[in-house]
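In what follows, every chain begins at residue 1, and chains take the letters A, B, ... in the order their sequences are listed.
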Amino acid sequence: MFKAPRGTSDILPQEKAYWKYIEEKAVYLCQLYGYQPLNTPVFEDYQLFAHIAPDGADIIKEMYVFEDRSGQKLALTAEGTAPICRAYLEHGLFNLPQPVKLYYIIPAFRYERPQAGRYRQHHQLGCEAIGDADPVLDAEVIELMYRFLSSLGLSELLIEINSIGCRQCQPGYVEALKKYYSTYRDRLCPDCKVRLARNPLRLLDCKEVSCQEIITGAPKITDYLCSECQTHFQSVQKYLTELGISYQLNHKLVRGLDYYTRTVFEVKPEGKGVQIALGGGGRYDNLIEELGGKPTPAVGFAAGIERIIIALKNQNVIVPTLPKPVAYVACLGTQAKLEATKLVSRLRHQGIAAIQATGDKSLKSQLRQANSLDVKYTVIIGEKEVANETAVLRDMSSGEQKTVPFNEIASLLEKR
RNA sequence: GUGGGCGUAGCCCAGUGGUUAAGGCGCCAGGUUGUGGCCCUGGAGAUCGUGGGUUCAAAUCCCACCGCUCACCCCA
(Lines give C-alpha, C1' and ligand atoms only; values in the text may rest on other atoms or scores of the structure.)
Protein backbone atom coordinates (compact mmCIF):
# COMPACT_ATOMS: atom_id res chain seq x y z
CA MET A 1 0.00 0.00 0.00
CA PHE A 2 1.14 3.50 -0.73
CA LYS A 3 1.57 5.98 2.06
CA ALA A 4 2.10 9.70 2.05
CA PRO A 5 5.86 10.30 2.00
CA ARG A 6 7.58 10.68 5.32
CA GLY A 7 7.09 14.04 6.94
CA THR A 8 4.07 14.87 4.79
CA SER A 9 0.45 14.38 5.60
CA ASP A 10 -2.98 14.44 4.10
CA ILE A 11 -5.29 17.09 5.41
CA LEU A 12 -8.62 15.37 5.93
CA PRO A 13 -11.90 17.29 5.91
CA GLN A 14 -12.11 17.45 9.68
CA GLU A 15 -8.61 18.91 9.90
CA LYS A 16 -9.43 21.27 7.07
CA ALA A 17 -11.74 23.16 9.42
CA TYR A 18 -8.63 24.46 11.19
CA TRP A 19 -7.05 25.48 7.92
CA LYS A 20 -10.07 27.35 6.73
CA TYR A 21 -10.33 29.14 10.05
CA ILE A 22 -6.68 30.16 9.99
CA GLU A 23 -6.54 31.13 6.35
CA GLU A 24 -9.66 33.27 6.54
CA LYS A 25 -8.32 35.12 9.55
CA ALA A 26 -4.98 35.61 7.83
CA VAL A 27 -6.48 36.96 4.64
CA TYR A 28 -8.73 39.32 6.55
CA LEU A 29 -5.97 40.73 8.72
CA CYS A 30 -3.41 41.01 5.95
CA GLN A 31 -5.73 43.08 3.84
CA LEU A 32 -6.65 45.12 6.91
CA TYR A 33 -2.98 45.98 7.35
CA GLY A 34 -2.52 46.73 3.66
CA TYR A 35 -0.72 43.58 2.59
CA GLN A 36 -1.54 42.10 -0.78
CA PRO A 37 -1.38 38.48 -1.78
CA LEU A 38 1.46 37.21 -3.93
CA ASN A 39 2.00 33.57 -4.77
CA THR A 40 5.34 32.18 -5.81
CA PRO A 41 5.98 28.75 -7.38
CA VAL A 42 6.55 25.61 -5.42
CA PHE A 43 10.03 25.29 -6.92
CA GLU A 44 12.64 27.87 -7.74
CA ASP A 45 16.12 28.16 -9.11
CA TYR A 46 18.35 26.45 -6.59
CA GLN A 47 20.71 29.41 -6.47
CA LEU A 48 17.97 31.68 -5.16
CA PHE A 49 18.15 29.90 -1.83
CA ALA A 50 21.92 29.98 -1.67
CA HIS A 51 21.51 33.53 -0.33
CA ILE A 52 19.50 32.65 2.72
CA ALA A 53 22.22 30.84 4.65
CA PRO A 54 25.92 29.99 4.45
CA ASP A 55 26.99 27.03 2.41
CA GLY A 56 27.16 24.33 5.05
CA ALA A 57 24.03 25.48 6.85
CA ASP A 58 21.41 22.87 7.63
CA ILE A 59 18.68 24.65 5.78
CA ILE A 60 20.76 24.43 2.61
CA LYS A 61 21.63 20.81 3.15
CA GLU A 62 18.00 20.01 3.85
CA MET A 63 16.70 21.37 0.57
CA TYR A 64 14.97 19.18 -1.96
CA VAL A 65 17.20 19.72 -4.95
CA PHE A 66 16.64 18.22 -8.37
CA GLU A 67 17.38 18.73 -12.01
CA ASP A 68 14.65 18.99 -14.58
CA ARG A 69 14.94 17.46 -18.04
CA SER A 70 16.86 20.42 -19.36
CA GLY A 71 19.43 20.00 -16.62
CA GLN A 72 18.43 23.11 -14.70
CA LYS A 73 19.10 22.84 -11.00
CA LEU A 74 15.95 23.55 -9.05
CA ALA A 75 14.86 23.36 -5.43
CA LEU A 76 11.50 22.99 -3.77
CA THR A 77 10.72 26.19 -1.92
CA ALA A 78 12.46 26.05 1.43
CA GLU A 79 11.08 29.31 2.80
CA GLY A 80 9.05 32.23 1.59
CA THR A 81 11.11 35.37 1.83
CA ALA A 82 13.69 34.80 -0.90
CA PRO A 83 11.05 33.95 -3.53
CA ILE A 84 9.04 37.04 -2.60
CA CYS A 85 12.13 39.19 -3.02
CA ARG A 86 12.83 37.50 -6.34
CA ALA A 87 9.30 38.35 -7.48
CA TYR A 88 9.71 41.92 -6.20
CA LEU A 89 12.77 42.33 -8.41
CA GLU A 90 11.51 40.34 -11.37
CA HIS A 91 8.31 42.35 -11.71
CA GLY A 92 9.79 45.72 -10.93
CA LEU A 93 7.72 46.17 -7.82
CA PHE A 94 10.35 48.69 -6.71
CA ASN A 95 8.59 51.05 -9.10
CA LEU A 96 5.51 51.07 -6.90
CA PRO A 97 5.24 53.44 -3.96
CA GLN A 98 7.38 51.95 -1.20
CA PRO A 99 7.05 50.03 0.98
CA VAL A 100 5.44 47.24 -1.01
CA LYS A 101 3.54 45.04 1.41
CA LEU A 102 2.90 41.45 0.43
CA TYR A 103 1.66 38.26 2.03
CA TYR A 104 1.61 34.63 1.05
CA ILE A 105 0.54 31.21 2.20
CA ILE A 106 2.81 28.64 0.64
CA PRO A 107 4.09 25.13 1.24
CA ALA A 108 7.74 24.90 2.25
CA PHE A 109 9.93 21.83 1.97
CA ARG A 110 12.87 20.69 4.03
CA TYR A 111 14.36 17.24 4.25
CA GLU A 112 14.44 16.91 8.04
CA ARG A 113 13.63 14.20 10.48
CA PRO A 114 10.01 14.74 11.35
CA GLN A 115 8.82 15.36 14.89
CA ALA A 116 6.09 17.33 16.61
CA GLY A 117 5.63 20.53 14.66
CA ARG A 118 8.34 19.74 12.17
CA TYR A 119 7.55 18.28 8.78
CA ARG A 120 9.12 17.82 5.40
CA GLN A 121 6.28 19.75 3.88
CA HIS A 122 4.80 22.47 5.98
CA HIS A 123 2.91 25.66 5.25
CA GLN A 124 3.82 29.19 6.08
CA LEU A 125 1.84 32.36 6.24
CA GLY A 126 4.28 35.17 5.65
CA CYS A 127 4.12 38.94 5.38
CA GLU A 128 6.83 41.14 3.97
CA ALA A 129 7.13 44.94 3.88
CA ILE A 130 9.77 45.76 1.30
CA GLY A 131 11.45 49.05 0.47
CA ASP A 132 11.40 51.03 3.69
CA ALA A 133 13.68 51.03 6.71
CA ASP A 134 11.21 52.74 9.03
CA PRO A 135 11.18 50.97 12.41
CA VAL A 136 7.45 51.52 12.51
CA LEU A 137 7.24 48.71 9.97
CA ASP A 138 9.14 46.36 12.26
CA ALA A 139 6.56 47.12 14.90
CA GLU A 140 3.70 46.78 12.43
CA VAL A 141 4.85 43.36 11.32
CA ILE A 142 5.23 42.18 14.90
CA GLU A 143 1.84 43.57 15.80
CA LEU A 144 0.27 41.89 12.78
CA MET A 145 1.80 38.56 13.68
CA TYR A 146 0.71 38.86 17.28
CA ARG A 147 -2.77 39.99 16.38
CA PHE A 148 -3.14 37.19 13.90
CA LEU A 149 -2.25 34.55 16.48
CA SER A 150 -4.24 36.02 19.32
CA SER A 151 -7.31 36.61 17.17
CA LEU A 152 -7.30 32.90 16.46
CA GLY A 153 -7.95 32.44 20.14
CA LEU A 154 -4.41 31.61 21.22
CA SER A 155 -3.33 32.97 24.55
CA GLU A 156 -0.14 33.04 26.59
CA LEU A 157 1.89 34.11 23.61
CA LEU A 158 5.41 35.22 24.33
CA ILE A 159 7.08 37.62 21.92
CA GLU A 160 10.84 37.80 22.07
CA ILE A 161 12.84 40.41 20.21
CA ASN A 162 16.45 41.29 19.69
CA SER A 163 18.62 43.28 17.35
CA ILE A 164 21.53 41.63 15.64
CA GLY A 165 22.93 44.79 14.10
CA CYS A 166 23.95 45.54 10.58
CA ARG A 167 26.96 45.09 8.30
CA GLN A 168 28.70 47.92 10.13
CA CYS A 169 28.36 46.77 13.69
CA GLN A 170 27.68 43.03 13.57
CA PRO A 171 31.21 41.99 12.51
CA GLY A 172 32.65 43.79 15.53
CA TYR A 173 30.36 41.87 17.80
CA VAL A 174 31.10 38.57 16.11
CA GLU A 175 34.80 39.22 16.66
CA ALA A 176 34.23 39.93 20.32
CA LEU A 177 32.13 36.81 20.62
CA LYS A 178 34.75 34.67 18.92
CA LYS A 179 37.44 36.11 21.12
CA TYR A 180 35.40 35.39 24.22
CA TYR A 181 34.61 31.86 23.09
CA SER A 182 38.14 31.01 22.08
CA THR A 183 39.11 30.92 25.75
CA TYR A 184 36.47 28.23 26.34
CA ARG A 185 37.18 26.24 23.22
CA ASP A 186 37.86 22.91 24.90
CA ARG A 187 34.78 23.13 27.11
CA LEU A 188 32.36 23.53 24.22
CA CYS A 189 29.96 20.86 23.05
CA PRO A 190 30.78 19.37 19.62
CA ASP A 191 28.03 21.39 17.93
CA CYS A 192 29.34 24.62 19.36
CA LYS A 193 32.84 23.89 18.14
CA VAL A 194 31.41 23.80 14.65
CA ARG A 195 29.32 26.91 15.30
CA LEU A 196 32.36 28.82 16.48
CA ALA A 197 33.97 28.29 13.10
CA ARG A 198 30.89 28.45 10.91
CA ASN A 199 28.23 30.67 12.40
CA PRO A 200 29.30 32.16 15.72
CA LEU A 201 25.99 33.95 16.35
CA ARG A 202 24.30 30.62 16.76
CA LEU A 203 26.55 29.82 19.71
CA LEU A 204 24.14 31.85 21.81
CA ASP A 205 21.29 29.57 20.87
CA CYS A 206 22.85 26.35 22.18
CA LYS A 207 20.69 24.39 24.60
CA GLU A 208 23.45 22.14 25.88
CA VAL A 209 23.65 22.48 29.66
CA SER A 210 27.42 22.67 29.66
CA CYS A 211 27.33 25.62 27.28
CA GLN A 212 24.77 27.64 29.22
CA GLU A 213 27.29 28.98 31.66
CA ILE A 214 29.50 30.16 28.85
CA ILE A 215 26.56 31.84 27.14
CA THR A 216 25.64 33.69 30.32
CA GLY A 217 29.00 35.40 30.41
CA ALA A 218 29.14 36.10 26.70
CA PRO A 219 29.18 39.67 25.40
CA LYS A 220 25.72 40.99 24.45
CA ILE A 221 25.14 42.13 20.93
CA THR A 222 23.05 45.05 22.08
CA ASP A 223 26.20 46.49 23.66
CA TYR A 224 27.90 46.47 20.27
CA LEU A 225 25.24 48.05 18.08
CA CYS A 226 26.17 51.09 16.05
CA SER A 227 24.24 54.24 16.88
CA GLU A 228 21.90 53.83 13.88
CA CYS A 229 21.03 50.29 14.86
CA GLN A 230 20.62 51.31 18.45
CA THR A 231 18.25 54.11 17.54
CA HIS A 232 16.34 51.79 15.26
CA PHE A 233 15.98 49.15 17.93
CA GLN A 234 14.86 51.67 20.51
CA SER A 235 12.27 53.02 18.11
CA VAL A 236 10.92 49.56 17.46
CA GLN A 237 10.54 49.03 21.18
CA LYS A 238 8.91 52.39 21.67
CA TYR A 239 6.37 51.68 18.96
CA LEU A 240 5.62 48.26 20.36
CA THR A 241 5.08 49.70 23.81
CA GLU A 242 2.78 52.37 22.41
CA LEU A 243 0.85 49.69 20.55
CA GLY A 244 0.40 47.80 23.78
CA ILE A 245 2.34 44.79 22.55
CA SER A 246 4.23 43.18 25.38
CA TYR A 247 7.52 41.63 24.48
CA GLN A 248 10.62 40.34 26.09
CA LEU A 249 14.16 41.20 25.12
CA ASN A 250 16.23 38.14 24.44
CA HIS A 251 19.78 38.95 23.55
CA LYS A 252 20.39 35.29 22.74
CA LEU A 253 17.81 35.30 19.96
CA VAL A 254 19.68 35.25 16.66
CA ARG A 255 17.54 33.22 14.20
CA GLY A 256 18.88 30.77 11.72
CA LEU A 257 18.68 32.49 8.40
CA ASP A 258 21.62 34.44 7.18
CA TYR A 259 19.82 37.40 5.77
CA TYR A 260 18.54 38.95 8.95
CA THR A 261 19.77 42.35 10.09
CA ARG A 262 18.73 44.52 13.01
CA THR A 263 15.38 43.43 14.40
CA VAL A 264 14.71 39.73 14.88
CA PHE A 265 11.74 38.24 16.74
CA GLU A 266 9.89 35.07 17.56
CA VAL A 267 6.55 34.12 19.10
CA LYS A 268 5.96 30.99 21.04
CA PRO A 269 3.25 29.70 23.31
CA GLU A 270 4.08 29.69 27.01
CA GLY A 271 2.86 27.09 29.43
CA LYS A 272 2.17 23.46 28.72
CA GLY A 273 2.87 21.66 25.48
CA VAL A 274 5.69 21.79 23.03
CA GLN A 275 7.59 25.05 23.17
CA ILE A 276 8.12 25.58 19.50
CA ALA A 277 8.09 28.93 17.79
CA LEU A 278 4.80 29.53 16.01
CA GLY A 279 6.33 32.26 13.97
CA GLY A 280 9.30 34.48 13.63
CA GLY A 281 10.94 36.98 11.43
CA GLY A 282 12.91 40.12 11.28
CA ARG A 283 14.48 42.76 9.14
CA TYR A 284 16.57 41.80 6.16
CA ASP A 285 18.08 44.93 4.74
CA ASN A 286 20.73 43.23 2.62
CA LEU A 287 18.87 40.37 0.96
CA ILE A 288 17.46 42.19 -2.04
CA GLU A 289 20.81 43.69 -2.85
CA GLU A 290 22.36 40.25 -2.60
CA LEU A 291 19.78 38.97 -5.04
CA GLY A 292 20.92 41.58 -7.54
CA GLY A 293 18.69 44.52 -6.70
CA LYS A 294 19.49 47.95 -5.39
CA PRO A 295 20.01 48.21 -1.63
CA THR A 296 16.47 47.78 -0.35
CA PRO A 297 15.50 47.47 3.30
CA ALA A 298 12.72 45.05 4.21
CA VAL A 299 11.08 43.37 7.17
CA GLY A 300 8.74 40.43 7.52
CA PHE A 301 7.59 37.38 9.40
CA ALA A 302 6.48 33.84 8.73
CA ALA A 303 4.22 31.65 10.83
CA GLY A 304 3.83 27.90 10.56
CA ILE A 305 0.26 26.82 9.94
CA GLU A 306 0.74 23.27 11.24
CA ARG A 307 2.29 24.60 14.43
CA ILE A 308 -0.57 27.00 14.92
CA ILE A 309 -2.98 24.08 14.62
CA ILE A 310 -1.02 22.18 17.26
CA ALA A 311 -1.22 25.19 19.56
CA LEU A 312 -4.96 25.60 18.91
CA LYS A 313 -5.48 21.99 19.89
CA ASN A 314 -3.26 22.31 22.95
CA GLN A 315 -5.25 25.28 24.12
CA ASN A 316 -8.56 23.61 23.25
CA VAL A 317 -9.63 26.37 20.92
CA ILE A 318 -12.89 25.43 19.22
CA VAL A 319 -12.95 26.25 15.53
CA PRO A 320 -16.08 26.52 13.40
CA THR A 321 -17.03 23.33 11.62
CA LEU A 322 -17.07 23.18 7.85
CA PRO A 323 -20.44 23.96 6.28
CA LYS A 324 -22.84 21.04 6.11
CA PRO A 325 -25.33 20.18 3.42
CA VAL A 326 -28.78 21.61 4.05
CA ALA A 327 -30.95 18.97 2.49
CA TYR A 328 -30.89 15.24 1.89
CA VAL A 329 -33.18 13.90 -0.76
CA ALA A 330 -34.43 10.38 -0.14
CA CYS A 331 -36.45 8.36 -2.59
CA LEU A 332 -38.26 5.05 -2.98
CA GLY A 333 -38.57 3.51 -6.43
CA THR A 334 -37.25 4.29 -9.90
CA GLN A 335 -39.73 7.03 -10.73
CA ALA A 336 -39.05 8.71 -7.41
CA LYS A 337 -35.33 8.52 -8.00
CA LEU A 338 -35.74 10.37 -11.26
CA GLU A 339 -37.71 13.11 -9.52
CA ALA A 340 -35.13 13.20 -6.73
CA THR A 341 -32.34 13.66 -9.24
CA LYS A 342 -34.09 16.59 -10.82
CA LEU A 343 -34.93 18.13 -7.48
CA VAL A 344 -31.36 17.88 -6.18
CA SER A 345 -30.09 19.55 -9.31
CA ARG A 346 -32.63 22.33 -8.94
CA LEU A 347 -31.70 22.88 -5.30
CA ARG A 348 -28.04 23.11 -6.15
CA HIS A 349 -28.73 25.58 -8.91
CA GLN A 350 -30.34 27.76 -6.29
CA GLY A 351 -27.36 27.51 -4.03
CA ILE A 352 -28.81 25.04 -1.58
CA ALA A 353 -26.31 22.34 -0.69
CA ALA A 354 -28.07 19.05 -1.26
CA ILE A 355 -27.18 15.38 -1.14
CA GLN A 356 -28.99 12.74 -3.13
CA ALA A 357 -29.52 9.27 -1.79
CA THR A 358 -27.74 6.76 -3.96
CA GLY A 359 -28.00 3.04 -4.33
CA ASP A 360 -31.13 1.19 -3.45
CA LYS A 361 -31.29 1.67 0.27
CA SER A 362 -34.30 1.34 2.52
CA LEU A 363 -35.88 4.56 3.69
CA LYS A 364 -34.65 3.77 7.15
CA SER A 365 -31.08 3.61 6.03
CA GLN A 366 -31.48 6.72 3.91
CA LEU A 367 -32.66 8.60 6.98
CA ARG A 368 -29.80 7.18 8.99
CA GLN A 369 -27.44 8.61 6.44
CA ALA A 370 -29.23 11.94 6.47
CA ASN A 371 -28.86 11.97 10.21
CA SER A 372 -25.17 11.31 10.15
CA LEU A 373 -24.68 14.01 7.52
CA ASP A 374 -26.35 16.35 10.00
CA VAL A 375 -28.63 17.98 7.43
CA LYS A 376 -31.41 20.30 8.46
CA TYR A 377 -33.98 18.79 6.15
CA THR A 378 -34.71 15.54 4.45
CA VAL A 379 -36.96 15.50 1.42
CA ILE A 380 -38.71 12.17 0.89
CA ILE A 381 -40.11 11.20 -2.46
CA GLY A 382 -42.01 7.92 -2.76
CA GLU A 383 -44.54 6.54 -5.21
CA LYS A 384 -47.44 8.47 -3.68
CA GLU A 385 -45.51 11.68 -3.93
CA VAL A 386 -44.55 11.07 -7.54
CA ALA A 387 -48.21 10.58 -8.36
CA ASN A 388 -49.20 13.82 -6.62
CA GLU A 389 -46.12 15.77 -7.67
CA THR A 390 -45.36 16.44 -4.05
CA ALA A 391 -42.66 15.54 -1.57
CA VAL A 392 -42.46 15.12 2.16
CA LEU A 393 -40.29 17.76 3.80
CA ARG A 394 -38.93 16.56 7.13
CA ASP A 395 -37.30 18.88 9.64
CA MET A 396 -34.56 16.73 11.11
CA SER A 397 -34.26 18.40 14.47
CA SER A 398 -37.97 18.61 15.31
CA GLY A 399 -39.12 15.63 13.26
CA GLU A 400 -41.99 17.67 11.87
CA GLN A 401 -43.08 16.83 8.35
CA LYS A 402 -45.36 18.29 5.76
CA THR A 403 -46.27 17.48 2.22
CA VAL A 404 -45.40 20.17 -0.31
CA PRO A 405 -45.61 20.45 -4.08
CA PHE A 406 -42.37 19.79 -6.03
CA ASN A 407 -42.07 23.31 -7.34
CA GLU A 408 -42.29 24.86 -3.88
CA ILE A 409 -39.54 22.90 -2.19
CA ALA A 410 -36.61 24.94 -3.39
CA SER A 411 -38.09 28.28 -2.40
CA LEU A 412 -39.24 26.84 0.90
CA LEU A 413 -35.73 25.72 1.76
CA GLU A 414 -34.20 28.92 0.52
CA LYS A 415 -36.23 30.93 3.04
CA ARG A 416 -34.94 28.99 6.04
C1' G B 1 22.71 13.03 11.31
C1' U B 2 22.28 11.21 17.01
C1' G B 3 19.30 8.98 20.92
C1' G B 4 14.59 7.00 23.39
C1' G B 5 9.48 4.82 22.91
C1' C B 6 6.10 2.15 19.77
C1' G B 7 4.05 -0.95 15.40
C1' U B 8 -2.63 -6.14 16.41
C1' A B 9 -9.19 -4.14 11.41
C1' G B 10 -10.57 2.87 8.98
C1' C B 11 -9.80 4.59 14.48
C1' C B 12 -8.91 3.27 19.94
C1' C B 13 -6.97 -0.98 21.87
C1' A B 14 -6.97 -6.51 24.91
C1' G B 15 -3.95 -10.43 24.31
C1' U B 16 3.86 -11.95 26.68
C1' G B 17 4.75 -19.38 23.65
C1' G B 18 -0.40 -23.60 22.73
C1' U B 19 -7.35 -24.77 19.86
C1' U B 20 -11.57 -20.47 14.84
C1' A B 21 -6.79 -13.19 17.75
C1' A B 22 -11.09 -10.42 22.24
C1' G B 23 -13.63 -5.73 22.97
C1' G B 24 -15.15 -0.53 21.95
C1' C B 25 -15.96 3.38 18.10
C1' G B 26 -17.14 3.64 13.10
C1' C B 27 -19.35 1.01 8.77
C1' C B 28 -23.41 -2.30 6.64
C1' A B 29 -28.11 -4.81 7.43
C1' G B 30 -32.39 -6.07 10.30
C1' G B 31 -35.85 -5.19 14.75
C1' U B 32 -43.15 -6.79 9.80
C1' U B 33 -46.49 -2.19 5.67
C1' G B 34 -42.47 4.17 3.33
C1' U B 35 -39.18 7.48 8.58
C1' G B 36 -33.05 9.09 11.49
C1' G B 37 -30.91 10.07 16.49
C1' C B 38 -31.41 6.00 21.88
C1' C B 39 -31.75 0.72 22.43
C1' C B 40 -31.44 -4.53 20.73
C1' U B 41 -29.74 -8.36 17.13
C1' G B 42 -26.71 -9.86 13.24
C1' G B 43 -22.77 -8.99 9.53
C1' A B 44 -18.47 -7.35 6.91
C1' G B 45 -13.61 -5.90 7.98
C1' A B 46 -6.76 -8.35 10.54
C1' U B 47 -1.20 -11.27 5.26
C1' C B 48 -0.98 -9.50 14.16
C1' G B 49 4.57 -3.58 9.96
C1' U B 50 8.13 -6.75 6.54
C1' G B 51 11.79 -10.55 6.19
C1' G B 52 14.62 -14.11 8.59
C1' G B 53 15.73 -17.14 13.01
C1' U B 54 14.65 -20.15 17.73
C1' U B 55 10.66 -23.89 18.85
C1' C B 56 6.68 -29.65 18.10
C1' A B 57 4.11 -24.75 18.38
C1' A B 58 5.34 -17.41 17.66
C1' A B 59 1.01 -11.60 17.65
C1' U B 60 3.92 -13.24 21.96
C1' C B 61 11.23 -14.88 22.24
C1' C B 62 15.82 -13.23 19.07
C1' C B 63 17.98 -10.43 14.77
C1' A B 64 17.60 -7.19 10.67
C1' C B 65 14.92 -3.85 7.83
C1' C B 66 10.80 -0.53 7.22
C1' G B 67 7.38 2.75 9.33
C1' C B 68 5.33 5.88 13.20
C1' U B 69 6.44 8.91 17.33
C1' C B 70 9.27 11.96 20.85
C1' A B 71 13.74 14.53 22.04
C1' C B 72 18.49 16.61 20.24
C1' C B 73 20.33 19.28 15.92
C1' C B 74 17.82 22.88 12.91
C1' C B 75 13.65 25.57 11.94
C1' A B 76 7.71 27.75 10.72
Side-chain angles (χ1 to χ4, degrees), chain A residues 1-7 9 12 14 22 52-53 56-63 77-81 104-126 145 149 189-192 194-195 198-199 202 205-209 254-257 265-268 273-281 300-311 328 330-333 336 357 359-386 391-401:
Chain A
M1 280 285 267
F2 289 109
K3 285 177 169 177
R6 185 158 203 211
S9 50
L12 298 174
Q14 206 186 338
I22 292 167
I52 64 176
D58 284 347
I59 190 161
I60 301 289
K61 289 191 283 189
E62 287 168 355
M63 275 200 292
T77 297
E79 57 96 54
T81 304
Y104 56 85
I105 298 172
I106 50 155
F109 302 87
R110 291 173 203 171
Y111 188 86
E112 306 184 89
R113 223 160 120 178
Q115 68 184 66
R118 197 182 71 180
Y119 310 100
R120 290 187 176 177
Q121 179 182 189
H122 73 278
H123 296 76
Q124 296 186 357
L125 160 70
M145 179 176 74
L149 294 172
C189 72
D191 285 329
C192 279
V194 178
R195 290 188 183 111
R198 272 239 151 78
N199 195 356
R202 297 217 54 84
D205 216 23
C206 185
K207 277 146 199 124
E208 202 66 46
V209 186
V254 293
R255 312 247 340 129
L257 303 176
F265 55 88
E266 258 178 28
V267 218
K268 54 185 162 191
V274 197
Q275 298 281 304
I276 37 168
L278 300 179
F301 80 88
I305 310 281
E306 285 86 351
R307 289 184 176 183
I308 292 170
I309 293 173
I310 291 171
Y328 181 91
C331 60
L332 290 159
D360 208 13
K361 292 190 260 277
S362 67
L363 183 58
K364 177 182 186 135
S365 103
Q366 292 184 57
L367 274 157
R368 269 212 255 254
Q369 186 175 13
N371 184 62
S372 74
L373 290 168
D374 204 17
V375 294
K376 284 185 73 133
Y377 300 99
T378 296
V379 179
I380 302 163
I381 304 174
E383 283 169 31
K384 272 186 287 183
E385 286 73 22
V386 172
V392 174
L393 180 62
R394 179 177 179 87
D395 181 315
M396 292 301 279
S397 51
S398 66
E400 281 170 37
Q401 316 195 147

Taking [atom1] from [X] and [atom2] from [N], how many angstroms apart are they, rounded to a whole number?
X: A:R6; N: B:C70; atom1: CZ; atom2: C1'; answer: 12 Å
X: A:Y377; N: B:U35; atom1: OH; atom2: C1'; answer: 17 Å
X: A:N371; N: B:C28; atom1: CG; atom2: P; answer: 12 Å
X: A:I276; N: B:C72; atom1: CD1; atom2: P; answer: 10 Å
X: A:I308; N: B:A76; atom1: CD1; atom2: C1'; answer: 9 Å
X: A:I310; N: B:A76; atom1: CD1; atom2: C1'; answer: 10 Å
X: A:E112; N: B:G1; atom1: CD; atom2: C1'; answer: 12 Å
X: A:R120; N: B:C74; atom1: CZ; atom2: P; answer: 18 Å

Among [options], which nucleotide has an atom closest to any side-chain atom of [X]?
X: A:R202; options: B:A29, B:A71, B:C74; result: B:C74
X: A:A116; options: B:A76, B:G34, B:A71; result: B:A71
X: A:Q124; options: B:A76, B:G36, B:C68; result: B:A76
X: A:Q115; options: B:G34, B:G67, B:C73; result: B:C73
X: A:Q401; options: B:A29, B:U2, B:U35; result: B:U35
X: A:R118; options: B:C72, B:U35, B:A29; result: B:C72

Considering only heavy atoms from C-beta outward, does the side chain of [X] approach that of [Y] to under 4.5 Å?
X: A:I380; Y: A:E385; answer: no
X: A:E62; Y: A:R120; answer: no
X: A:R202; Y: A:V254; answer: yes

Original post:
What do the steps show when you test A:D395 against A:Y377 for side-chain contact (heavy atoms from CB on, under 4.5 Å), and what is the final call?
Top reply: CA-CA 5 Å; A:D395 181 315; A:Y377 300 99; 3.9 Å; yes
Could you work out the separation of [N] and [M] based on their [atom1] atoms and round it to a whole Å?
N: B:U19; M: B:U60; atom1: P; value: 14 Å
N: B:C48; M: B:C38; atom1: P; value: 34 Å
N: B:G18; M: B:A71; atom1: C1'; value: 41 Å
N: B:G10; M: B:C73; atom1: P; value: 38 Å
N: B:U50; M: B:C68; atom1: C1'; value: 15 Å
N: B:A58; M: B:G15; atom1: C1'; value: 13 Å
N: B:G4; M: B:A9; atom1: C1'; value: 29 Å
N: B:G26; M: B:C63; atom1: P; value: 40 Å

Under a 3.5 Å limit for both distances, which nucleotide forms a Watson-Crick or G-U wobble pair with [N], could you say?
N: B:C38; answer: none
N: B:U19; answer: none
N: B:C61; answer: B:G53
N: B:G43; answer: B:C27
N: B:G67; answer: B:C6

Original post:
Hey, is the main chain of A:A277 close enough, under 3.5 Å, to the side chain of A:R307 for a donor-acceptor pair?
Top reply: yes
Original post:
Any sub-3.5 Å donor-acceptor pair from A:E306's side-chain atoms to A:H123's backbone N or O?
Top reply: yes
Is the base of [N] touched by the side chain of [X] through a donor-acceptor pair closer than 3.5 angstrom?
X: A:K364; N: B:G31; result: yes
X: A:R368; N: B:U35; result: no
X: A:R394; N: B:G36; result: yes
X: A:Q366; N: B:U35; result: no
X: A:R195; N: B:C73; result: no

Mind checking [X] for me? I need base, sugar-phosphate or nothing, with any heavy atom below 4.0 Å counting as a touch.
X: A:A370; value: nothing
X: A:K268; value: nothing
X: A:Q121; value: nothing
X: A:G117; value: base
X: A:I380; value: base
X: A:G80; value: nothing
X: A:S362; value: sugar-phosphate
X: A:L257; value: sugar-phosphate
X: A:K384; value: base

**OP:** For the pair A:Y104 and A:T81, evaluate side-chain contact (heavy atoms from CB on, under 4.5 Å) and give the outcome as yes or no after the intermediate values.
**Re:** CA-CA 10 Å; A:Y104 56 85; A:T81 304; 4.0 Å; yes
**OP:** Would you sort out whether A:M396 and A:L367 count as a side-chain contact (heavy atoms from CB on, under 4.5 Å), showing the intermediate values?
**Re:** CA-CA 9 Å; A:M396 292 301 279; A:L367 274 157; 4.1 Å; yes
Subject >> Is_stacked (A:H122, B:A76) at 5.5 Å, 30 deg >> reply: yes
Subject >> Reported CG-to-NZ distance for the pair A:L149 and A:K268, which is rounded to 0.5 angstrom >> reply: 14.0 Å
**OP:** Specify the residue among A:E385 and A:G7 whose closest nucleotide of RNA chain B lies further upstream toward the 5′ end.
**Re:** A:E385
Subject >> Most 5' of A:R113 and A:L332 on RNA chain B, judged by nearest nucleotide >> reply: A:R113
